[in-house]
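Some notes on the structure that comes next.
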Amino acid sequence: MTTHPPTEGGTAATARRNVLITGASSGIGEAVAERFRSDGSRLFLTGRRADPPAALRPDERYLAGDLCDEAFVERLVSEAVSELGPLDAVIACHGLQASGGITEMPLAEASRVLDANLLSVYAVIKHAVPAMREGGGAIVLVSSRLGLAGMPHEVLYNAAKGGLIMLGKGAALELAPQNIRVNIAAPGLTETPFIEAGFRRAADPEAHRAARAATIPLGRMARAEEVAEAIHFLGSPAASYITGAVLPIDGGYTAA
Ligand SMILES: NC(=O)c1ccc[n+]([C@@H]2O[C@H](COP(=O)([O-])OP(=O)(O)OC[C@H]3O[C@@H](n4cnc5c(N)ncnc54)[C@H](OP(=O)(O)O)[C@@H]3O)[C@@H](O)[C@H]2O)c1
């Protein structure tokens, strides 16, 4: 007898899917929201800043808050479910950059980096899983090339993004019986406010930008839309047999 796998999200692949996206007020998350918008998904977005993204449509919702505050995460998921119904996909794009030498970074700052890049993502998974549609769905975590490769003065970011990869792999195994897929995107240098702010602080921003691009086999940074395309794939039914995978989107940086 032929057995048929459960249909992801319990819906036809063409149905509008309910998608919660964190970090959607800027950069990669904003581009991810635009990509899901273009496939007709119903969106619930979040970021820290109070003002909603300019692209927000009247039928979409944006809730501002700090994902390091578990009470906010609970409220976010509850409002998303009230608005959309059960979730089909959860895309965790939020995070922050923090550089500093090992002997220089105060422990409070180290703790903030781990909270914002790792523990807050755990909180999102913890509260979102019970809100996902019976029959399955997709979770995508946004790690980094620096979750796969170390870099001086980035050790806490390395630790957080590397931890995120193992959080995703463990969650993929734990949630597989529920047909909830968990995958990890690992972008390389991507043109977003996150990176641009760092370039502007350099003595010669253009020279710094060119030097960083020269370290990438494809010879350039990614556009946020290129990264969003890969994240969208992992979060869509097109990736229905992929779980626990780490997808570098880094122009070949971690291939070496
Ligand atoms: N750009 C890159 O080169 C690159 C490379 C590899 C990985 N990544 C990862 O990709 C993700 C997005 O980066 P990006 O470049 O798009 O950065 P970005 O433009 O600075 O956007 C970061 C997003 O995360 C939100 N956020 C940060 N801390 C938060 C918190 N505690 N609670 C709730 N929201 C929070 C920000 O909200 P507000 O702006 O409203 O405060 C913003 O929406 C991050 O996880 C980053 O580590 C980026």
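Start at 1 and go down the list; that is how both ligands and their atoms are numbered.
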Determine whether Arg42 and Arg17 make a side-chain contact, defined as any pair of heavy atoms from C-beta on separated by less than 4.5 Å.
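No. Closest side-chain heavy atoms not under 4.5 Å.
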So do Thr190 and Glu226 actually touch side chain to side chain, heavy atoms under 4.5 Å?
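The answer is no; the side chains never approach within 4.5 Å.
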Side chain to side chain donor-acceptor pair (under 3.5 Å): which pairs involve residues 192-206, sequence neighbours left out?
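Listed once each, the pairs are Glu196-Arg209.
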Ligand-side contact atoms (ligand 1) for residue partner [X], heavy atom cut-off under 4.0 Å:
| X | value |
| --- | --- |
| Val142 | 9 (C), 10 (O), 11 (C), 45 (O) |
| Gly27 | 16 (O), 19 (O) |
| Cys68 | 31 (N) |
| Leu189 | 3 (O) |
| Ser144 | 6 (C), 7 (C) |
| Gly23 | 23 (C), 24 (O), 25 (C), 43 (O) |
| Leu67 | 30 (C), 32 (N), 33 (C) |
| Ile28 | 10 (O), 16 (O), 48 (C) |

Among all protein heavy atoms, pick out the one at the shortest distance from [atom]; state its residue, atom name and that distance to 0.1 Å.
| atom | result |
| --- | --- |
| atom 42 (C) of ligand 1 | Ser25 OG, 3.6 Å |
| atom 26 (N) of ligand 1 | His94 CB, 3.8 Å |
| atom 3 (O) of ligand 1 | Thr190 N, 2.8 Å |
| atom 28 (N) of ligand 1 | Arg48 CZ, 3.5 Å |
| atom 11 (C) of ligand 1 | Cys93 O, 2.9 Å |
| atom 33 (C) of ligand 1 | Gly65 O, 3.4 Å |
| atom 6 (C) of ligand 1 | Pro187 O, 3.2 Å |
| atom 15 (O) of ligand 1 | Thr192 OG1, 2.5 Å |

Taking all atoms of both residues into account, what is the closest heavy-atom pair of [X] and [Y], and its distance?
| X | Y | result |
| --- | --- | --- |
| Leu67 | Phe72 | CD2-CE2, 3.7 Å |
| Val73 | Ala123 | CG1-O, 3.5 Å |
| Ala98 | Glu109 | CB-OE2, 3.9 Å |

Within-shell test, [X] vs ligand 1, heavy atom, strictly < 4.0 Å:
| X | value |
| --- | --- |
| Glu30 | no |
| Ala92 | no |
| Ser120 | no |
| Ser143 | yes |
| Ala224 | no |
| Tyr157 | yes |

Distance-only N or O hit between ligand 1 and Arg49, under 3.5 Å:
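Yes.
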Between Leu164 and Val142, is the side chain to side chain contact (heavy atoms under 4.5 Å, CB included) condition met? List the steps.
CA-CA 8 Å; Leu164 202 51; Val142 179; 5.9 Å; no
Of Gly95, Ala228, Ala116, which has the heavy atom at the shortest distance from atom 27 (C) of ligand 1?
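That would be Gly95.
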Could you measure the distance from the [atom1] atom of [X] to the [atom2] atom of [Y]? Nearest 0.5 Å is fine.
| X | Y | atom1 | atom2 | result |
| --- | --- | --- | --- | --- |
| Ser41 | His232 | OG | NE2 | 5.5 Å |
| Met105 | Leu156 | CE | CG | 5.0 Å |
| Glu229 | Arg223 | CD | CZ | 10.0 Å |

I need the single residue from Asn183, Ile21, Val140 that forms a side-chain contact (heavy atoms from CB on, under 4.5 Å) with Ile231. Which is it?
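Only one option passes, and that is Val140.
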Exam field: side chain Ser143 to backbone Ile184, donor-acceptor pair closer than 3.5 Å:
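No, the answer is negative, given that no donor and acceptor are paired below the 3.5 Å cut-off.
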Does only the side chain of Asp66 get under 4.0 Å from ligand 1, or the backbone, or both, or neither? Count heavy atoms.
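For Asp66, backbone and side-chain atoms both sit under 4.0 Å from ligand 1.
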A cation-pi test, strictly: NZ or CZ of Arg145 under 6.0 Å from the centre of the six-membered ring of Tyr253 and no more than 45 degrees from its axis. Yes or no?
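Yes, a cation-pi geometry.
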Look at the rings of Phe199 and His208 and say which category their plane angle falls in: under 30° parallel, 30 to 60° tilted, over 60° perpendicular.
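Ring orientation, 0 to 90° scale: perpendicular.
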